[in-house]
2 protein chains.
Amino acid sequence: MITETKTSLNEQTRERLLAVARVVFSENGFKQSTVREICRRAEVNIAAVNYYFSSKEALFAATLNFEPLLTLCKKINQGSVCAQERLLNFIHDFLMQLLDKNEFSMQCQFMARELAEPTPVLGKIVQEAIAPVHQFVANLVCEIVGNKISEAELRRCVFSILGQCVYYRHAQPVIQRLHPQLRYDHREIESIAIHIGEFSLAGLKKIAKNQCP
Amino acid sequence: MITETKTSLNEQTRERLLAVARVVFSENGFKQSTVREICRRAEVNIAAVNYYFSSKEALFAATLNFEPLLTLCKKINQGSVCAQERLLNFIHDFLMQLLDKNEFSMQCQFMARELAEPTPVLGKIVQEAIAPVHQFVANLVCEIVGNKISEAELRRCVFSILGQCVYYRHAQPVIQRLHPQLRYDHREIESIAIHIGEFSLAGLKKIAKNQCP
DNA sequence: GAATGTATCAAACGCTTGTTTTAAAGTCAA
DNA sequence: TTGACTTTAAAACAAGCGTTTGATACATTC
């Protein structure tokens with residue numbers, strides 16, 4: 001006889017479904033993921049998805065969690081270091097969330113996926129996660145270059161920084177074929193963060209100098 | 001009575017199928033594109049795909065054409081300008097192929113798509129298009145920084161440059177929502193190319209200085 | 001203990017996908 | 001004109017998808 005109460009069992013099924021869905025969605029994206037695979041890996045009947053979440057799309061929406069990404073930005077703003085240092089910290093933590101296999105960071109990878117494969121919830125993701133991050137980086141860039149650049153140039157600087165970071169996640173299948181020996185362990189991520197940081201700070205300074213010679 | 005000969009009619013069907021397939025695949029990617037939509041837009045019977053190409057995948061492979069991308073690299077190497085100038089030219093032309101709505105440039109966009117959505121022909125694409133481009137950029141970087149950086153650092157420099165470029169294509173759905181007024185006309189692409197060029201050259205110089213102080 | 005509401009399950013539904021079949025139409029040389 | 005061949009066409013096929021159904025087992029309440 002099973003001793004657990006009814007509610008704990010229910011939540012167990014629901015939570016297991018959510019946990020597996022997060023993994024599957026982040027692995028294969030929304031469209032490519034199938035309800036059947038999620039249920040199989042969660043050892044749950046197919047009908048459970050519609051029973052607990054009413055649809056695949058609602059399950060996908062329920063797996064979204066932008067807190068790690070937003071708290072990352074907040075935490076970095078709390079420190080009293082200079083803007084350059086804060087940018088370096090952001091790049092490092094952002095890359096960690098993007099590339100580390102940590103299950104808590106997985107949420108952040110939706111952002112990278114969503115860029116290439118828009119789903120019905122793209123609007124929500126842009127509004128609640130991507131836009132704040134872009135604004136956060138834009139503010140940092142403004143501080144670093146001293147508010148002297150145009151809006152268009154500011155936008156391009158933000159794209160340059162985020163583009164470098166996201167490429168590692170986005171182009172992973174290709175990178176793996178180009179450099180099969182490459183692994184994203186902590187040391188490698190650290191090196192990438194330092195590279196992008198130095199590269200970007202130098203770029204920003206050049207842009208600032210160009211606009212105000 | 002139709003006056004055209006048999007062979008010209010055949011080729012017309014085949015070619016029309018190929019032309020439409022190129023557009024549809026570049027619009028929606030491989031998986032999302034359907035044989036039915038391609039045939040409908042080409043005003044051709046569904047069975048034509050398997051009759052002329054034997055499968056959807058073979059049709060997709062037949063639409064691949066990396067010549068524009070490879071001739072771009074060759075053409076830039078032919079000039080006798082310095083490496084920095086050649087890098088700026090590459091960034092400009094690469095962005096044009098990535099962002100311009102020119103139908104000849106559409107082929108190049110497969111590369112960006114393939115990064116995020118690997119298909120059965122990814123291996124061929126990497127081998128014949130992506131790897132040569134990476135190598136081309138790596139050679140330019142080597143010339144610019146004077147061969148003084150490690151293999152890992154060289155790889156990261158290439159990623160930084162290509163990552164910035166590809167982001168504009170890759171994140172287009174998101175960018176469109178963040179900046180609805182933004183259009184990729186020739187003037188805008190020109191500005192982006194100048195930005196990425198300056199940004200990257202400054203970054204490369206900093207990396208070179210770091211490694212050899 | 002009967003009634004009620006919840007959770008699970010196998011099965012099927014309706015739909016779309018890529019692919020195949022089968023027959024008809026057209027082409028062209030002998 | 002006949003016969004061989006290529007091209008087109010509508011229909012059907014098998015497989016996969018998200019979703020729904022209806023029955024069953026269970027826990028809780030009266």
Side-chain angles (χ1 to χ4, degrees), chain A residues 1-25 27-64 113 117-122, chain B residues 1-25 27-64 113 117-122:
Chain A
M1 195 56 119
I2 299 174
T3 56
E4 296 182 274
T5 71
K6 187 187 75 178
T7 48
S8 90
L9 265 175
N10 299 353
E11 285 178 5
Q12 195 178 315
T13 306
R14 215 190 103 104
E15 294 311 309
R16 201 165 54 228
L17 209 43
L18 257 180
V20 172
R22 265 191 269 267
V23 177
V24 176
F25 281 137
E27 277 177 6
N28 311 115
F30 175 71
K31 268 257 172 87
Q32 306 255 38
S33 302
T34 69
V35 172
R36 279 173 171 81
E37 187 194 351
I38 292 171
C39 290
R40 189 172 42 75
R41 281 166 65 167
E43 299 181 45
V44 152
N45 189 271
I46 307 181
V49 164
N50 291 276
Y51 181 76
Y52 284 106
F53 299 94
S54 82
S55 76
K56 177 192 179 185
E57 192 180 315
L59 169 62
F60 180 64
T63 62
L64 297 178
R113 262 213 183 273
E117 180 210 326
T119 69
V121 286
L122 174 59
Chain B
M1 195 58 120
I2 299 174
T3 56
E4 295 181 275
T5 71
K6 186 188 72 177
T7 49
S8 90
L9 267 175
N10 299 355
E11 284 178 7
Q12 194 178 314
T13 305
R14 213 191 105 103
E15 294 309 310
R16 201 165 55 229
L17 209 43
L18 256 179
V20 172
R22 264 190 269 268
V23 177
V24 175
F25 281 138
E27 277 178 5
N28 311 115
F30 175 71
K31 269 256 171 87
Q32 306 255 37
S33 302
T34 69
V35 172
R36 278 172 172 82
E37 187 192 351
I38 293 171
C39 290
R40 188 172 41 75
R41 281 165 65 167
E43 301 181 44
V44 153
N45 190 270
I46 308 181
V49 164
N50 291 277
Y51 180 77
Y52 283 107
F53 299 95
S54 83
S55 75
K56 177 192 179 186
E57 191 181 315
L59 170 62
F60 180 64
T63 63
L64 297 179
R113 260 209 187 276
E117 180 209 327
T119 69
V121 286
L122 174 59

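What's counted below: heavy atoms across the whole structure, side chains too, no hydrogens, waters or symmetry copies. Every chain is numbered from 1 and lettered A, B, ... according to where its sequence line falls, protein lines coming before strand lines.
Rounding to whole angstrom units, CG of residue A:Leu17 and P of D:dT19 are separated by 13 Å. To the nearest angstrom, P of C:dA7 lies 13 Å from CD of A:Gln12. Rounded to whole angstrom, the span from the CG atom of B:Asn45 across to the C1' atom of C:dG18 amounts to 14 Å. Protein atom CD of A:Glu15 is 13 Å distant from nucleotide atom P of C:dA7, rounded to whole Å. When the P atom of C:dC9 is taken as reference, atom OH of A:Tyr51 falls 12 Å away, rounded to whole Å. The distance from atom CZ of B:Phe60 to atom C1' of C:dT17 is 17 Å, rounded to the nearest whole Å. Rounding to whole angstrom units, CD1 of residue A:Ile46 and C1' of C:dA7 are separated by 16 Å. Look at NZ on A:Lys56: it is 15 Å from P on D:dG16, rounded to the nearest Å.
Using a 4.5 Å heavy-atom cutoff, the side chains of A:Phe25 and A:Leu59 are in contact. Counting heavy atoms from C-beta outward, B:Leu17 and B:Phe53 have side chains that approach closer than 4.5 Å. Using a 4.5 Å cut-off on side-chain heavy atoms (C-beta onward), A:Arg40 and A:Arg36 make no contact.
Nearest to the side-chain atoms of A:Ala47 among the listed nucleotides D:dT19, C:dC9, C:dT19 stands C:dC9. For A:Tyr52, whose side chain is taken as the heavy atoms from C-beta onward, the closest listed nucleotide among C:dT8, D:dT7, D:dT20 is C:dT8.
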### Task
I would like to know whether A:Lys31 and B:Gln32 meet side-chain contact (heavy atoms from CB on, under 4.5 Å); could you show each step before the answer?
CA-CA 9 Å; A:Lys31 268 257 172 87; B:Gln32 306 255 37; 3.1 Å; yes

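Residue A:Asn50 places at least one side-chain N or O under 4.0 Å from the OP1 or OP2 atom of D:dT19. Within the structure, every side-chain polar atom (N or O) of B:Thr13 is placed at least 4.0 Å from both OP1 and OP2 of D:dT7.
Of the residues in residues 30-37 of chain A, A:Ser33, A:Thr34, A:Val35, A:Arg36 come within less than 4.0 Å of DNA chain D through at least one heavy atom, sorted by number.
A search for side chain to side chain donor-acceptor pair (under 3.5 Å) contacts involving A:Ser33 returns nothing, not counting sequence neighbours.
Counting only distance, with no hydrogens or angles, the side chain of A:Lys56 and the backbone of A:Phe30 share a donor-acceptor pair below 3.5 Å.
Partner of B:Val24 under the side chain to side chain contact (heavy atoms under 4.5 Å, CB included) criterion, chosen from B:Val35, B:Ile38, B:Thr63: B:Ile38.
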